[in-house]
**Q** 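The structure is given below, and queries will be raised subsequently.
Lettering follows sequence order; numbering is per chain, from 1. Every value quoted in this text rests on a predicted model; they were computed, and no experiment measured them.
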Number of protein chains: 2
Amino acid sequence: MTKHTHVHSHSSGDGSIGSHRACVRLVPIFNHLEEQQMDEIMSVARSASFKKGETIYQAGEESTSLFIVNRGRIRIYRLSENGREQLLRILNPGDFTGELALFRSTTHESYAEAMVDTSVCLIRRDELRTLLQKYPSISIKVLQEFSKRLDETERQTARFATEKVETRLAMFLTEVAEDAEEPIEFKLPMSKKDLASYLGTTPETISRKLGQFEDEGYIRQKSGRRIEIVDLDGLLLV
Amino acid sequence: MTKHTHVHSHSSGDGSIGSHRACVRLVPIFNHLEEQQMDEIMSVARSASFKKGETIYQAGEESTSLFIVNRGRIRIYRLSENGREQLLRILNPGDFTGELALFRSTTHESYAEAMVDTSVCLIRRDELRTLLQKYPSISIKVLQEFSKRLDETERQTARFATEKVETRLAMFLTEVAEDAEEPIEFKLPMSKKDLASYLGTTPETISRKLGQFEDEGYIRQKSGRRIEIVDLDGLLLV
DNA sequence: CGAAATCTTGACCGATCTCAACTTACGTGG
DNA sequence: CCACGTAAGTTGAGATCGGTCAAGATTTCG
């Protein structure tokens, strides 16, 4: 269950200009901008930090800012009508959230929770809009980012609709494996509980299916959430 | 199965300036623009038409244009790795598609097929980009539209992940019912086969669940895909 | 080191898919 | 406008996947 303790830092806080810059520079959508634009963005960016487990925003809450992760990790999840939660994505430094409500409505549809101690940069709704009006190239960057996310989400939806849990898990593993080098071994990017939520299943099933993959010789499970892919091709055929 | 017969009309075709205007005006993202901007958009819009069953674009194909539906209906679907199709959405006049690839990659990720004889307006990739650079307000409109779609898709994903078929169907019915007036009766916006694909289930299950809802007194099925909602509250609790 | 959370494993059951046969609706061409 | 062929929809029986509950093992973190 989520702790609902809000502890925004004071707007200046440990956020020196230097750290704003670092934060803003991290974000793909603000890359490759001219110095002057960058300075302008930085002048409106504020920073805040959250302790592990703290809620950054909740569904129904008013959305006022774009959040850019500077340091740490954020879980974004939805609560379905029946109260079950689904993990939508996990944000790492450079990722951002809160944009949906900025363009569409004023309230959040999802929940954001710091998984570890986390610091973020904030850009207020109206300030962001002004920036977008002024610098069309930023808008286009944001559009690209949205396209990417929309595409990923549509792909994810299609998987839920057409693939069984076993296949979804296999696909997930092969995707994580893409970023690893030979021998293919990686640490699961989240707990199995979260993975279950992300894949729309239960921890029990994740446990069983991973065991099955191991029996079938596709993977090898090691301690500390580490997994070695032994037979990637086999896994792709699941 | 989809017929893959391409028959783009000649770019002028039946597309008089008048029809371009009508088409462009239909689109929410181009509403409320100044006359001059509107003229500029219209000057780069072309038209095309497709016969029922024709493929408008396919996954893997190069994306060159934004398609705006002028008349008719378009199914957008994905084919999953195992060859199963999932209906993503249905476009009606005023809706648009093809934007994903415009901002992200050059190839389509999904399939578009004319459900009935359909005419569309086209705006070429580079021309659209120029427009967005020139008129930031259009970008913001597109961002809003993207936000909306992203939100819908995320909601849909969360449903797949957390709700059973019965609930998804009940939710679908209540959402369609929102647009209807008392007595709540409407025509299903697609075939049950497509509805099954959209909801990630099979036609058999749709048939059975609707029958069950009828037995339980929530709905009444009539001929011609018409459905009357008898007990909306009951349906909401499913 | 110990409490709490995560993870695992087993047994059971229920929702939904599959396959197959059949009925109904629809679009096309005569 | 009707007849026919094809696609859509229905219904039943059986199989299966995956969820639920419960007990224990293991890990994590303060």
**Q** Figure out the CD/P separation between B:Glu214 and D:dT10, and round it to whole Å.
**A**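 Roughly 10 Å, once rounded to whole Å.
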**Q** How many whole angstroms separate atom CG of B:Leu199 from atom P of C:dT16?
**A**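 Interatomic distance, CG of B:Leu199 to P of C:dT16: 12 Å.
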**Q** Quick check for you: among D:dG19, C:dT16, D:dT11, whose closest atom lies nearest to any side-chain atom of B:Thr205?
**A**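 Nearest to the side chain of B:Thr205 among the choices is C:dT16.
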**Q** Which of the following nucleotides, C:dT9, D:dC29, D:dG18, is nearest to the side chain of A:Lys52?
**A**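 Selected nucleotide (nearest to the side chain): D:dC29.
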**Q** Measure from the side-chain N and O atoms of B:Ser207 to the backbone N and O of B:Pro203, and report whether any donor-acceptor pair falls under 3.5 Å.
**A**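 Absent.
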**Q** If I take atom CG in residue B:Leu188 and atom P in nucleotide D:dA8, what distance separates them, rounded to the nearest angstrom?
**A**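 Result: 15 Å.
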**Q** In this structure, how many angstroms lie between the P atom of D:dA8 and the CG atom of B:Leu87, rounded?
**A**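 In whole Å, D:dA8 P lies 13 Å from B:Leu87 CG.
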**Q** Phosphate oxygens OP1/OP2 of C:dC17: is one of them under 4.0 Å from a side-chain N or O of B:Thr202?
**A**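 Indeed, a polar side-chain atom of B:Thr202 lies that close.
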**Q** Where the side chain of B:Gln221 is defined as all heavy atoms beyond and including C-beta, which of D:dG18, D:dC21, D:dT10 is the nearest nucleotide?
**A**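 Looking only at heavy atoms from C-beta outward on B:Gln221, the closest nucleotide is D:dT10.
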**Q** Please report the distance, rounded to the nearest Å, between NZ in B:Lys51 and C1' in C:dT28.
**A**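 Result: 15 Å.
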**Q** State which of C:dC7, D:dG18, D:dA13 makes the closest approach to the side chain of A:Glu166.
**A**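 That would be D:dG18.
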**Q** Between D:dT16 atom P and A:Lys209 atom NZ, what is the distance in whole Å?
**A**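 Those two atoms, NZ and P, are 13 Å apart.
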**Q** Can you check the B:Glu204 CD to C:dT16 P distance for me, whole Å?
**A**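 So the two atoms are 14 Å apart, to the nearest Å.
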**Q** Measure from the side chain of B:Val165, starting at C-beta and using heavy atoms only, and say which of C:dC17, D:dC17, D:dT20 lies closest.
**A**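 Closest nucleotide to the B:Val165 side chain: C:dC17.
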**Q** For A:Thr201, report the nucleic acid contact type (base, sugar-phosphate, nothing); a contact means any heavy atom under 4.0 Å.
**A**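 Sugar-phosphate, backbone atoms only, no base.
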**Q** Of all the nucleotides listed (D:dT10, D:dT20, C:dT8), which has the minimum atom distance to the side chain of A:Lys192?
**A**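 The listed nucleotide nearest to A:Lys192's side chain is C:dT8.
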**Q** What are the two closest heavy atoms between A:Asp151 and B:Glu109, and how far apart are they?
**A**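 It is OD1-CG, 3.4 Å.
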**Q** Side chain of B:Lys164: nearest nucleotide among C:dA15, C:dT9, D:dT11?
**A**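 Nearest nucleotide to the side chain: C:dA15.
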**Q** Heavy atoms from C-beta onward define the side chain here; which of C:dT6, D:dG9, C:dG10 lies closest to that of B:Lys193?
**A**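 The listed nucleotide nearest to B:Lys193's side chain is D:dG9.
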**Q** So if I take every side-chain heavy atom of A:Arg208 and compare against C:dC19, D:dC21, C:dT6, which nucleotide ends up nearest?
**A**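 Comparing C:dC19, D:dC21, C:dT6 against the side chain of A:Arg208, the answer is D:dC21.
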**Q** Quick check on D:dG9: is either OP1 or OP2 less than 4.0 Å from any side-chain nitrogen or oxygen of B:Arg225?
**A**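 Affirmative; the distance criterion is met.
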**Q** Could you state the atom-to-atom distance from CZ of A:Arg84 to C1' of D:dT20 in whole Å?
**A**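 Going from CZ in A:Arg84 over to C1' in D:dT20 covers 10 Å.
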**Q** Determine whether A:Glu152 and A:Arg89 satisfy the following criterion, salt bridge (charged side-chain N to carboxylate O under 4.0 Å, His left out), listing intermediate values before the conclusion.
**A** CA-CA 11 Å; A:Glu152 282 165 2; A:Arg89 57 185 175 278; over 6 Å; no
**Q** I'd like to know if the side chain of B:Arg168 and the backbone of B:Leu199 have a donor-acceptor N/O pair within less than 3.5 Å.
**A**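 Here the side-chain-to-backbone pair exists.
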**Q** Taking everything shown except A:Arg226 itself, do over 12 heavy atoms lie less than 6.0 Å from its CZ?
**A**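 Yes.
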**Q** By nearest heavy atom, map A:Thr167 and A:Ser223 onto DNA chain D; which one lands nearer the 5' end?
**A**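 It is A:Thr167, whose closest nucleotide lies nearer the 5' terminus.
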**Q** So does A:Arg155 pair up with A:Glu175, basic N to acidic O under 4.0 Å?
**A**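 So A:Arg155 does not pair with A:Glu175 through a salt bridge.
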